[in-house]
2 protein chains.
Amino acid sequence: MRAVNANAHAGTDIWATEADGPEGLDGGVELAVSTVIFALRPHPESGLMTLWLPLVKRIREPYLGQWALPGGPLRPDEDLETSARRTLLRTTSVEPRYLEQLYAFGSVERSGTDAPRTSGPAQPSSPPPQPETAEAARVVSIVYWVLVQSDEAARAVDGENVQWFIADDLPPLAFDHDEIIAYALWRLRNKLEYAQIAQGFLGGEFTMAQLREVYEAVLQRRLDPANFRRQMITSKAVEPTGRKVTGTSHRPPVLYRFRTRIGAAAPEHVPRVRSRSAAAPPPGAAPAEARSRPAHDPHRGPGPDGPYHDPGTAGPAASGITPDLGTRTRPHTEGPVRR
Amino acid sequence: MRAVNANAHAGTDIWATEADGPEGLDGGVELAVSTVIFALRPHPESGLMTLWLPLVKRIREPYLGQWALPGGPLRPDEDLETSARRTLLRTTSVEPRYLEQLYAFGSVERSGTDAPRTSGPAQPSSPPPQPETAEAARVVSIVYWVLVQSDEAARAVDGENVQWFIADDLPPLAFDHDEIIAYALWRLRNKLEYAQIAQGFLGGEFTMAQLREVYEAVLQRRLDPANFRRQMITSKAVEPTGRKVTGTSHRPPVLYRFRTRIGAAAPEHVPRVRSRSAAAPPPGAAPAEARSRPAHDPHRGPGPDGPYHDPGTAGPAASGITPDLGTRTRPHTEGPVRR
DNA sequence: ACAAAAGTGTTAACCGTACACCCATGC
DNA sequence: GCATGGGTGTACGGTTAACACTTTTGT
């Protein structure tokens, strides 16, 4: 790669060859930035750590009164990421521990009115005739996903129109936000397996059990403590701080920290790693790149990353899609298996 | 995932809680869609298959005369992907075999003028003061990457202002297009390892040698023919058609086909797989998600996918980042190693 | 002592890798 | 027959996955 113009930026991406005259410059297309914010909190019933996210109640017509993702129009003097951070602050008053662009949603149909929108996932097909409601301008939403530390999120009380919900059990949502969230969830779960984003939910120091709890909560499956520890240690992702936790009524656990901090904004390129059965992503909605896992997330900037997973097809190299991390479900607290 | 409002679409992503009045609705922010188009052609010197991509010469002021990615403004009645396809047709007259959203680039600085744009990769930092050139509206570019079949691309002759270049040896580019291409290249190479996008360069039938040639060209390393074949076969990615190629001056090779076709548009969630040393992505530019591994690419729609790779950090599960595919470099045509 | 969780060891199965070797065809 | 890929066999080594076992603390 020969970066001739080092640090080139700016970019109008011009229709260089187009002899097009004034041509409709985004006539009527608005740009919004939305955010999917994740935090871990104990489940009200089981008490197990679970994924939660905040939604805001709409106070305008299209979908008035329904729940939607926090977001807003992009300001002319504001970067996309900055806009996402501003939304985060505004709705939850907490700082992001991890932030990354998810995807740009721009179907013509995903406009304002909750009209027809016939059926079937966003298939290529032909542009369906617009519903009656003529107004409602077209909006392209660039969505970011964010991780916030659990205890921080706990402090932030729900505001007037803001409320936290369990990510896997949401109320009816406005627009295509259910698909967006499904995609974000998929990305989070996928990326957790190859990138060190778990620290997005943790503080600077933590025990192996806490780290494992994050993985178990996000991946929704139990992990073998012994294998999990070894993998985290041998992967060089974490290192012991030397300190311990006392007063636990059992052997005092050692505290660990991540060797490298994850940023919160640029596009990144992550090396893919593994993946379990690669649960097919939500059929309808989301972006493409995400599968993969990509691994990666340099600037958190561009790119869906990676290693995301595909709708179903494995890849050539995908021959051995095998489990990973602490693997197996292990008896744990249920049944008289062990001992 | 409880899809309450099945197939919800539309979406203005409203600043629901915002009590903001008329507030600057995208005052001056324009939306463009650009495309990074890849095709394989033999290298003029070595004759080896190499990655090429078409660029267009700018005919307007910011960066007049320089090479840039094909693209144009988003039409109000056009989907993002449709816009990308239109650009592809316009510049190369070929059909896409694979198409996926790469990332949305929207830094405030990446505007029109090739002014200051100080230095350093797009770091969070504070918004640098705008250069003198007051005009040049701000543009947010949603970039797609596309794969076209080699022989098709070969037919398309270079137009007036369109010319194909070797992907790893490009001329100075306008705007931040060099970073965008670097990111797209990273994504292509990364995704090839876990998704079946190789068919984006091939026809319906091909020999193992041709398929391997695609991998070797994109990944820029030789693969062991024996192991490569086994992996492709056992991964169920391809299957023999029963037909053979004759007149080869050696044992006639069997023809294969992919078991599943890759689409060309929705966001996808791809299961991550492996990755070699996970070459760090280009520092400056790109998106975040891309790294990794990611896996997945449902709709080609949203999300960087995958398995992208990260700038450097491996993931927890990334413990065993090992090679894959046919592996090793193998003597091949050089030196008297074999036989 | 006992419970409970932290942490260590061990082993079988699987997969990636390397590389020797056989096969089929044109010249 | 011989050169040239196409295609098969196989053994080594590293990693994963499962699970038994030891350590350390509070009560």
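Values below: all heavy atoms of this structure, side chains included; hydrogens, waters and symmetry mates excluded. Chain identifiers are assigned alphabetically (A, B, ...) following the order of the sequence lines, protein sequences preceding nucleic acid strands; residue numbering begins at 1 within each chain.
- Side-chain contact, B/Arg189 with B/Gln220: a donor N or O sits under 3.5 Å from an acceptor N or O.
- Closest approach of B/Glu193 to B/Arg221, counting heavy atoms only: OE1-NH2, 3.9 Å.
- In this structure, CE of B/Met232 is placed 14 Å from P of D/dG7, rounded to the nearest angstrom.
- When distances are taken from the side chain of A/Ala209 to each of D/dC19, D/dG6, C/dA6, the shortest belongs to C/dA6.
- Counting to the nearest Å, the P atom of D/dT16 and the CD atom of A/Glu193 are 13 Å from each other.
- In this model, no donor atom of one side chain and acceptor atom of the other lie less than 3.5 Å apart for A/Glu213 and A/Tyr215.
- The stretch residues 238-252 of chain A touches DNA chain C through A/His250, A/Arg251, each having a heavy atom within less than 4.0 Å of the strand.
- Spacing between atom CD of B/Gln231 and atom C1' of C/dC14 amounts to 14 Å, rounded to whole angstrom units.
- B/Asp224 places its CG atom 13 Å from the P atom of D/dT8, with the value rounded to the nearest Å.
- Atom CG of A/Leu255 and atom P of C/dA5 are 18 Å apart (whole Å).
- Looking only at side-chain heavy atoms (C-beta outward), B/Arg97 and B/Gln199 come within less than 4.5 Å of each other.
- Here the C1' atom of nucleotide D/dG6 and the CD atom of B/Gln210 are 13 Å apart, to the nearest Å.
- Counting atom types as modelled, A/Arg230 pairs a side-chain N or O with a base atom of C/dG9 as donor and acceptor under 3.5 Å.
- For the pair B/Asn227 CG and D/dC12 C1', the interatomic distance rounds to 13 Å; values are reported in whole Å.
- The listed nucleotides are D/dG6, D/dC19, C/dA6; the one nearest the side chain of B/Arg212 is D/dG6.
- Considering OH of A/Tyr98 and CZ of A/Phe201, their distance stands at 11.0 Å, rounded to 0.5 Å.
- In this structure B/Glu239 satisfies the side chain to side chain donor-acceptor pair (under 3.5 Å) test together with B/Arg257, B/Arg259, sequence neighbours excluded.
- Rounded to an integer number of Å, the gap from CZ of A/Arg229 to C1' of D/dT23 is 12 Å.
- Annotation: side chain to side chain contact (heavy atoms under 4.5 Å, CB included) contacts of A/Val238 (sequence neighbours excluded): A/Phe206, A/Met208, A/Leu211, A/Met232, A/Ile233, A/Tyr256, A/Phe258.
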